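Step one of this worksheet: look at the structure below.
Lettering follows sequence order; numbering is per chain, from 1. Predicted model, so just to flag it, every value in this text is computed and none were measured.
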Number of protein chains: 2
Amino acid sequence: MADRLVRGVDAARPGVPTLEQVAAKAGVSRSTASRAINGGLRVSPEALLAVEAAVADLGYSPNRAARSLVTRRTDSIALVVPEPDERVLSDPFFAGTLNGLASALADTEIQVVLVIARPGQNERTVRYLRNGHVDGAIVVSHHRDDTLDRALVELRLPSVFVGRPLSATPEVDSRLQYVDTDNVQGGRMATQHLLDRGCRRIGTIAGPEDMSAGIDRLIGWRQAMTAAGQRDDAVVHGDFTIVSGAEAARRLLTEYPDVDGIFIASDLMAAGALPVLAELGREVPQDVAVVGYDNLGVAASTQPPLTSVIQPVVAMARAAGLRLLDQLQGATPTPPLIFAPELVVRASA
Amino acid sequence: MADRLVRGVDAARPGVPTLEQVAAKAGVSRSTASRAINGGLRVSPEALLAVEAAVADLGYSPNRAARSLVTRRTDSIALVVPEPDERVLSDPFFAGTLNGLASALADTEIQVVLVIARPGQNERTVRYLRNGHVDGAIVVSHHRDDTLDRALVELRLPSVFVGRPLSATPEVDSRLQYVDTDNVQGGRMATQHLLDRGCRRIGTIAGPEDMSAGIDRLIGWRQAMTAAGQRDDAVVHGDFTIVSGAEAARRLLTEYPDVDGIFIASDLMAAGALPVLAELGREVPQDVAVVGYDNLGVAASTQPPLTSVIQPVVAMARAAGLRLLDQLQGATPTPPLIFAPELVVRASA
DNA sequence: CATTTTCGTAGGAGCGCTTCCAAGGTGACC
DNA sequence: GGTCACCTTGGAAGCGCTCCTACGAAAATG
């Protein structure tokens with residue numbers, strides 16, 4: 001273990017003001033000062049004013065540790081994210097989540113603690129969450145490891161998943177809060193758009209088979225294809241990265257050279273696929289129409305710009321944050337909140 | 001203020017184990033248990049073993065609040081980031097930072113608290129940091145607002161900037177820790193590469209004039225151009241986003257239609273510029289060679305793939321984390337750590 | 001006018017932990 | 001064998017805060 005660490009703020013100086021000092025300055029007792037600060041109930045207007053002045057004067061802010069010790073709350077929530085590897089690194093999904101969450105918590109005092117869920121360290125992560133270090137958790141269910149999901153559900157810690165966790169079978173849905181878009185419908189919409197513009201031999205570059213977003217979008221594609229009486233065999237998988245998109249496109253066009261439309265389960269993969277299509281002499285959208293998914297920045301900047309299905313990450317994360325807040329206030333868990341996907345038509349299809 | 005919140009973990013159940021329980025189970029006093037847990041100094045081997053067993057058995061982990069209250073440390077550091085807006089959202093910079101920081105802290109107990117520095121709320125941010133809620137801070141100096149930078153420096157809170165803060169004039173450098181790449185040299189290298197391949201009329205799409213990365217890369221370009229005896233007037237500015245890159249490219253080619261090379265200060269802007277070049281009938285790299293900056297994922301997937309200057313975000317953030325750790329252990333601040341940029345040659349130049 | 005209710009306030013206990021201190025036990029050394 | 005040093009240990013204080021309880025004064029009630 002490390003030696004004694006040096007104090008964050010030097011103790012030699014007057015130091016951080018305490019409630020005691022505020023009370024003294026305001027000429028009231030510690031209790032009154034505390035009450036004044038925590039909502040001002042049962043405090044006379046004069047006392048309230050005096051305390052507020054003292055607080056402003058001293059630049060006081062309550063010691064969270066002390067408060068937390070007695071309230072048994074921490075006023076902080078965990079943002080549980082999978083270890084940011086190459087994939088997450090190039091994925092704007094996370095930044096969007098953060099943005100939405102921040103906006104949900106904007107006018108609370110709640111802090112966000114980043115919890116990196118390292119693969120193989122679930123034990124540690126769960127212990128951290130269990131032992132009251134945070135009041136709740138937002139879990140970015142963007143990883144392939146559902147033992148963590150399961151463990152979190154067992155925990156009874158107020159928590160909301162962004163994106164349906166794979167462990168969310170219908171039976172346990174009620175015990176489990178999540179926010180997601182309807183990826184099945186999204187997949188259907190994307191495919192239908194291709195069908196509507198006349199494509200008949202439509203392939204798909206699907207996401208990983210162990211992530212709900214990957215699975216569901218593929219299901220949506222299947223549904224649309226069978227409903228239209230088309231074959232649903234032209235499937236290759238990627239892992240949502242640019243590189244995998246390029247590879248997948250190559251495989252797809254090799255195995256099914258006659259495709260005239262591709263539904264690609266993420267814009268990033270589409271960004272990888274488009275250059276390959278060009279290289280193989282396919283004009284987009286004339287020879288092969290392409291629809292992506294996510295609509296997160298990259299979509300508009302590909303060549304040609306990508307028709308894509310909107311996944312409103314920011315709104316989802318915001319909703320997740322608000323739901324968590326509700327739970328922290330004691331509200332009972334509500335059923336999953338599913339956003340409707342929307343299609344943005346650009347040049348690629 | 002909000003009403004009483006519900007406890008994160010239900011108190012009716014056996015609840016979270018305390019040190020007292022561990023001690024009882026191990027058959028030692030609370031003090032001994034504490035000593036055993038915090039490094040095991042002055043504890044007999046038997047006692048140590050007994051405590052360790054009890055800890056494992058009970059799944060104990062110390063209450064951070066209680067510990068923090070007495071040690072006056074929080075064992076957490078702030079990651080101060082500018083409010084994630086559109087720009088940050090589509091920027092993999094942040095994810096990389098997180099990745100690097102996480103790796104630096106991997107085998108410590110230190111938690112990362114996300115502090116969103118909202119514009120116009122500097123007061124609040126500073127107060128939070130000042131009042132001992134965290135032991136130190138990593139500041140992603142990726143924003144345009146240097147009053148925060150200045151305030152943080154005043155704070156005497158151990159902190160490390162990722163990216164040179166604009167307020168870091170040579171005089172205050174010593175009081176201020178940061179990690180950065182040599183953006184001037186990076187700009188020079190990029191430009192030199194264009195010169196070397198025969199470009200003579202080189203323009204630049206520079207970053208914002210109020211961010212050190214923007215300023216320095218432009219300086220580098222200027223240096224290379226004047227050293228080569230070329231005119232350094234073909235400058236337009238963007239704000240590091242894709243959209244601004246597209247606009248800037250249009251402006252540049254309108255004002256200076258004879259450019260045969262462009263140094264673009266970020267890959268994202270380059271990603272916006274390339275389609276515009278294509279649209280205006282310029283072949284890359286034949287008619288106009290292009291060098292980008294950052295080499296963060298997008299670079300490899302543009303059409304054509306982008307020659308770019310590596311900015312090792314992950315390594316930088318990791319270094320920043322390690323330096324902060326050093327400071328927390330009492331080490332004296334060290335001079336800025338500057339990474340050398342590297343050029344990755346791809347098809348665009 | 002006496003009595004109850006209400007209100008604002010102060011004091012004190014105690015949250016779980018670290019750490020100071022004194023005490024006890026052991027071995028080394030004279 | 002006695003003294004000293006050293007190591008291990010438990011008791012107790014106290015970190016800054018909230019909240020329970022008690023209390024006096026003011027307001028409302030009979």
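Not counting sequence neighbours, the partners of A317(B) by the side-chain contact (heavy atoms from CB on, under 4.5 Å) test are T97(B). Checked against side chain to side chain donor-acceptor pair (under 3.5 Å), S29(A) has the following partners two or more places apart in sequence or in another chain: T32(A). Looking at residues two or more places apart in sequence or on another chain, you find a side chain to side chain donor-acceptor pair (under 3.5 Å) between R30(A) and E20(A). Contacts of L48(A) classified as side-chain contact (heavy atoms from CB on, under 4.5 Å), with partners at least two apart in sequence or in another chain: A36(A), V43(A), E52(A).
Rounded to a whole Å, the CZ atom of R42(A) is 13 Å from the C1' atom of dC20(D). For the pair E46(A) CD and dA26(D) P, the computed distance is 13 Å after rounding to whole Å. For the pair H133(B) NE2 and dC17(D) C1', the interatomic distance rounds to 13 Å; values are reported in whole Å. We find that CG of N38(A) is positioned 10 Å from P of dC17(D), with the value rounded to whole Å. Separating the CG atom of L41(A) from the C1' atom of dG8(C) is a distance of 12 Å, rounded to the nearest angstrom. Straight-line distance from the CD1 atom of I37(B) to the P atom of dT19(C): 13 Å, rounded to whole Å.
The side chain of T32(B) places an N or O atom within less than 4.0 Å of a non-bridging phosphate oxygen (OP1 or OP2) of dG10(D). OP1 and OP2 of dT19(C) both lie 4.0 Å or more from every side-chain N or O belonging to T71(B).
Side chains of Q177(A) and S159(A): a donor-acceptor N/O pair is absent below 3.5 angstrom, by distance only.
Pairs of residues two or more places apart, or lying in two chains, that qualify as ring-ring contact (aromatic ring centres under 6.0 Å, His included) and include a residue from residues 104-130 of chain B are Y128(B)-H133(B).
Position along DNA chain D of the nearest nucleotide to V28(B) versus R64(A) favours V28(B) as the more 5'-ward residue.
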Query raised in the report: Base, backbone or nothing for each nucleotide of nucleotides 11-16 of chain C, written B, S, -, heavy atoms under 4.0 angstrom, 5' to 3'?
Result: BBB-BB
